[in-house]
Amino acid sequence: MLTYETSLDPEFKERFEEGAKLLQEKYTSLYGETKENYENLVGIIEAAFQGRKKDLRLQDNQRSRQPQWYMSEKLVGMSIYVDLFADNLTGVKDKIEYFKELGITYIHFMPVLKTRDGKDDGGFAVSSYKEINPKLGNMSEFEDLVDALRKEGIVTCIDFVLNHTAKEHEWVLEAMNGNEKYQQMYYMFDTYDIPREFEKTLPLIFPEVSQQNFIYSDELKKWVCSIFYEYQWDLNYKNPVLFNNIAESMLFLLNQGVDILRLDAIPHIWKEVGTDCFNLPQVHEILSMLNIIVDMVAPGSIFKGEAIGSTESIMGFFGDKYNGCSLMYNFPLSVSLWNALVTEDTREMQITLDRLNEYEKNRCFINYIRCHDDIAWDMDGETLRQLGIDSTAHFEYVTDFYLGKIPGSFSKAESKDFDSKAKEGRKTSGTVASLCGLEKAVEDANELQTDLAIKKILLLHSIILSYEGIPMLYGGDEIGMFNDPSYKDSWEKADDSRWLHRVSLDWARAEKRGDGETIEGRIFQSLKKLITARKSNPLFNSSLHTKFLETGNQSVFGYCKKNQTDELLVLCNFSGENQKINSKIMNSEGLRRELCNMVTGEIISLNEHSLTLQPYEFMWLT
Ligand code: OTU
């Protein structure tokens with residue numbers, strides 16, 4: 001029973017009791033009557049509840065009164081790898097001013113927990129949920145950093161890799177010692193019979209390195225499920241003991257002060273023979289229980305889900321109080337942006353995004369241009385088919401374009417191997433600057449191309465900074481960092497081209513960010529201006545939905561947002577030529593006749609017959 005001094009805080013008591021009731025129902029319906037396990041779980045929750053720090057509880061209470069705190073226009077994110085950004089956690093603490101200078105208020109630290117030695121999938125092969133990777137520091141330094149960021153108004157997100165652990169995790173080690181209780185926390189089989197059935201319908205995720213989803217462990221003399229790399233072993237959520245352990249790990253991390261947990265590979269956590277083991281209904285049951293538990297202990301914290309799949313699967317993850325994720329990666333936007341940049345045609349983007357709009361849900365996207373992963377192309381051929389385009393040929397062209405194989409291509413990139421049995425098809429790796437042509441232009445000392453590349457970089461950022469949701473920059477892109485092929489010299493990384501764009505921040509280049517004459521300064525200062533504009537105008541609040549505008553010009557992407565007092569019209573020219581749009585089109589949207597370009601301060605009159613946008617120009621009109 002509850003022992004927390006509820007007299008101090010009746011709100012907590014109420015929330016706790018409501019949650020506990022619901023949790024028990026769900027737990028029993030998934031796991032059956034299993035009193036001992038349920039009581040253990042309650043014990044875990046109570047202990048975490050007692051252990052939550054006072055300042056975090058205070059914040060929990062504030063946020064409970066304002067549950068959509070994360071929709072604020074003031075939230076602007078950046079993802080970084082701690083070591084690549086500033087060597088270690090204390091290094092990052094010394095760089096807080098850098099985030100503040102740009103206006104970043106949300107930091108997603110790529111995996112910070114302890115991982116296996118050697119290959120660790122960029123930190124996604126976790127060997128302990130309770131220890132920080134010793135190369136980065138320790139838990140008290142992490143807590144200290146999170147506190148310091150909170151004091152500066154910056155929220156923290158970390159990865160919670162809950163589909164699998166490294167095969168060096170202590171749970172596996174126990175399993176290796178013959179402890180059946182631990183063996184049941186993974187998918188382990190004595191014979192190949194069940195794995196064979198699974199393999200019939202389970203797609204491959206990394207076909208270039210692994211052609212199977214089950215591997216044979218000589219130590220265990222068992223077949224083990226491992227859908228990502230062979231050293232990442234899938235956790236078995238059919239076992240309530242595993243669920244309890246995961247809940248405990250989650251609460252431990254939240255009690256370090258983390259605001260947002262990124263649920264890595266969430267659609268994959270439940271497996272059933274005869275299915276593709278992707279986004280099964282039980283995934284949502286597990287997620288719902290995790291939500292309830294968070295609401296009981298740390299109601300100021302939220303989940304960010306990562307589902308690289310169909311529109312339907314992504315949107316299905318948004319939920320209400322006790323369900324789903326508050327934030328979801330807007331993976332279709334990222335792919336469409338890169339597609340539009342090559343084709344100079346924004347129709348695919350509009351149709352794809354419009355499909356997201358059809359879901360009348362409480363939604364908040366994480367909008368990004370690129371992330372630490374590759375750009376995975378042909379996930380949604382549906383829109384292309386609608387446009388009468390053959391998606392296979394199309395993505396072949398687009399990937400070749402980014403590889404620099406097509407005459408006139410501006411980009412430098414690498415691809416990942418392609419396998420037709422794979423769930424994800426063609427993939428492209430590269431930084432924003434290199435994909436946009438800056439690397440090539442600088443190499444060629446071509447000033448005109450340099451200018452155009454910078455414009456492209458800003459154009460893409462202008463969209464993630466104004467489209468509905470939270471923008472997420474990738475650390476280093478704000479100064480135009482180039483691809484770094486040196487990963488090929490490291491045996492741990494050489495077989496994974498994603499390292500091409502997970503680059504070390506070059507602080508010598510960052511030093512130039514204040515000088516508007518330099519490339520770094522041009523990008524950084526322009527982004528800073530856009531971020532400032534976003535944060536000072538409630539039209540950018542994530543609760544306002546985006547409405548698309550038929551601009552009558554394929555190359556010009558347009559959308560607007562309105563609140564009671566004001567309106568925002570965004571126009572983006574994806575072509576390398578001047579583009580005109582007819583003002584009448586905008587008049588038909590009932591927009592004001594005179595609008596101000598927030599970026600340049602210029603007044604734009606819609607009374608003129610047409611409006612011209614320069615190559616890759618964008619306008620934020622209010
Ligand atoms: C995630 O990505 C991470 O973002 C990757 O960096 C990891 O390698 C991986 O999980 C394993 O931890 O396959 O190409 O539907 O497809 O979670 C990206 C979601 C991935 C998965 C996605 C996965």
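Values reported hereafter were calculated over all heavy atoms of this structure, with side chains retained and with hydrogens, waters and symmetry mates removed. Owing to the predicted nature of the structure, the values given are computational and were not obtained by experimental measurement. In each ligand, atom 1 is the first atom listed, and ligand 1 is the first ligand listed.
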From the candidates Gln232, His164, Glu306, the one that places a heavy atom nearest atom 22 (C) of ligand 1: Glu306
Ring centre gap for Phe317 and Phe303 strictly below 6.0 Å: no
So if I count the atoms of ligand 1 from 1 in the order they appear, which ones are less than 4.0 Å from some heavy atom of His372? 3 (C), 4 (O), 5 (C), 6 (O)
Nearest neighbour of atom 11 (C) of ligand 1 from the list Asp159, Asn163, Asp121, Ile227, on a heavy-atom basis: Asp121
Would you say Asp264 and ligand 1 have an N/O pair spaced under 3.5 Å apart? yes
Do the side chains of Lys119 and Glu492 get close enough for a salt bridge, i.e. N-O under 4.0 angstrom? no
With heavy atoms of Asp373 as the reference, note each atom of ligand 1 found under 4.0 Å away. 2 (O), 3 (C), 4 (O), 5 (C), 6 (O), 18 (C)
Taking the six-membered ring where the residue is Trp, are the ring centres of Phe252 and Tyr129 under 6.0 Å apart? no
Near-ring test Tyr216/Tyr192, centroid separation under 6.0 angstrom: no
I'd like to know whether the aromatic ring centres of Trp507 and Tyr98 sit less than 6.0 Å apart in this structure. yes
Does the residue Tyr229 have a heavy-atom contact with ligand 1, meaning some pair of atoms that are separated by less than 4.0 Å? no
Between the side chains of Arg370 and Ser429, does any donor sit under 3.5 Å from an acceptor? no
Quick one: which ligand 1 atoms are inside 4.0 Å of a heavy atom on Ala265? 17 (O)
Can you check whether Glu168's main-chain N or O pairs, donor with acceptor, with Ser127's side chain at less than 3.5 Å? no
Near Phe278 (heavy-atom distance under 4.0 Å), the atoms of ligand 1 are 15 (O)
Can you name the one residue among Asp373, Asp484, Asp374, Asp477 that meets salt bridge (Lys or Arg N to Asp or Glu O under 4.0 Å) with Arg502? Asp373
Which bit of Arg262 gets closer than 4.0 Å to ligand 1, counting heavy atoms only: side chain, backbone, both or neither? side chain
Would one find an N or O of Ile308, backbone or side chain, under 3.5 Å from an N or O of ligand 1? yes
A student checking ligand 1 against Ile205 at a 4.0 Å heavy-atom cut-off should list atoms 13 (O)
For ligand 1, which atoms have a heavy atom of Arg498 less than 4.0 angstrom away? 5 (C), 6 (O), 7 (C), 8 (O)
